[in-house]
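Inspection log for the structure reproduced underneath, given as structure tokens.
Because the structure is predicted, anything quoted here is derived from the model rather than measured.
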2 protein chains.
Amino acid sequence: MEPNPVLPSLGQEPELLKTVLNKEGFRFTSQRQKILDLFQSSALGHHLSAEEIQRQLLDQGEKISFSTIYRALHVMVRLDLLQELELAEGRKYYELNTPCMDQHHHLVCVHCGAVQEFDEATMTQVGQSESTARGFSLLNCTFTVYGICPSCQSLLS
Amino acid sequence: MEPNPVLPSLGQEPELLKTVLNKEGFRFTSQRQKILDLFQSSALGHHLSAEEIQRQLLDQGEKISFSTIYRALHVMVRLDLLQELELAEGRKYYELNTPCMDQHHHLVCVHCGAVQEFDEATMTQVGQSESTARGFSLLNCTFTVYGICPSCQSLLS
DNA sequence: GCTTTATTGAAAATCATTTTCGCTATTCAT
DNA sequence: ATGAATAGCGAAAATGATTTTCAATAAAGC
Ligand SMILES: [Mn+2]
Ligand SMILES: [Mn+2]
Ligand SMILES: [Zn+2]
Ligand SMILES: [Zn+2]
């Protein structure tokens, strides 16, 4: 559960989140700051769903409604602070956004839901070349590998 | 709208779908055959949602309920006849399954929803090596590139 | 400070998908 | 073929994550 030391500390200081929000006509609120803080303080490589965000904030004494959580997530995705992921069925996950060049990808255990991250420069290149080859302007690309993790393999065998 | 000439003609003859179903304890029904037929007769590279399946069947005079469509889709995914895709928000798409080695990937226009397919052997290799390196048993991997297609670019500029 | 209006929380709405249940149709043994 | 056992069907209700509504609140900017 260490704070992420690698990423630029956007929102680490309240100043910055407010600046980014106001630049686009959004308002700074304590709820949005708390949600961003949660991402900044959660373990590197951890992905949060709306439900987990609400539970964790509640654990630290902050009661925030789902409407507010979902609205905050959408705003932060639009501002490129967060990235939305479709790792598992039924719900979306969010993580701090990493600059396009350092994009990472995911290996998901379909049995227990464990997620591992990996970098692969090749991916971004392929995504880039495929999209330009067809005249698309690239927004982002996701590479997700589904399998069964070692511990689930031993449980199932 | 040509029938797909490349894939093995599973279900092209009623015999085969029945065989595959019965082998796993499922029953052959006319609804399941009609749904599979729809995939076989739709254009290569076309992806169908449950709603589109119902509409297209209705257009050809076959009324099938959503419960039946969803159940048939799940069965056929379990039997490896179909593959489930998460191309766009909010709904799932299905397509005839291609053998693992010939897996293809998708380029999606986030504005109009247009989908293009591309092959990229590299992907499967990376998925394979990443999963074995971490002790995962690989099930499948998806590479999806999001962008804006040429015609939407000109509309928006 | 004061005005404007974006944001909030609670509750209701949405909407793709799943489940329930009584009836029908397929399978398989006779 | 015939019949028993039961998987699958359709209609309608339920589910569950996400979105919207709306009255009250609180940022932003002058
Ligand atoms: Mn990640
Ligand atoms: Mn495809
Ligand atoms: Zn696992
Ligand atoms: Zn487009």
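- Neither side chain, A:S49 nor A:E51, offers a donor N or O lying under 3.5 Å from an acceptor on the other.
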* To do: Using a 4.0 Å heavy-atom cut-off, write out nucleotides 4-13 of chain C from 5' to 3' as B (base contacted by protein), S (sugar-phosphate only) or - (no contact).
  => -BBSBBBB--

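- Phosphate contact (OP1/OP2 of D:dT18, side-chain N/O of A:H74, threshold under 4.0 Å): absent.
- For B:K23 and C:dC28, the NZ to C1' distance is 18 Å, given to the nearest whole Å.
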* To do: Could you walk me through whether A:K92 and B:E89 pass salt bridge (charged side-chain N to carboxylate O under 4.0 Å, His left out), step by step?
  => CA-CA 10 Å; A:K92 289 171 191 157; B:E89 295 287 276; 2.9 Å; yes

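- For the pair B:L17 CG and C:dT26 P, the interatomic distance rounds to 13 Å; values are reported in whole Å.
- A side-chain donor-acceptor contact under 3.5 Å links A:E117 and A:H47.
- Within the 4.0 Å cut-off from OP1 or OP2 of C:dT27, at least one side-chain nitrogen or oxygen of B:N22 is found.
- Heavy-atom contacts from other residues, nucleotides or ligands closer than 6.0 Å to NE2 of A:H111 number 12 or fewer.
- Residues A:T68 and A:S65 have side chains that bring a donor and an acceptor to within less than 3.5 angstrom of each other.
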Atom pairs under 3.5 Å: protein N/O with N/O of nucleotides 13-17 of chain D:
residue : atom : partner : partner atom : Å
D:dA17  : OP1  : A:R91   : NH2          : 2.9
D:dA17  : O3'  : A:G90   : O            : 3.4

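- With respect to A:E52 and A:R91, no salt bridge is recorded, no charged nitrogen being found less than 4.0 Å from a carboxylate O.
- A donor-acceptor pair is defined here as one N or O able to donate and one able to accept, closer than 3.5 Å; such a pair exists between the side chain of A:Q153 and the backbone of A:I148.
- Under the 30°/60° scheme for interplanar angles, the aromatic rings of B:F118 and B:H105 are found to be tilted.
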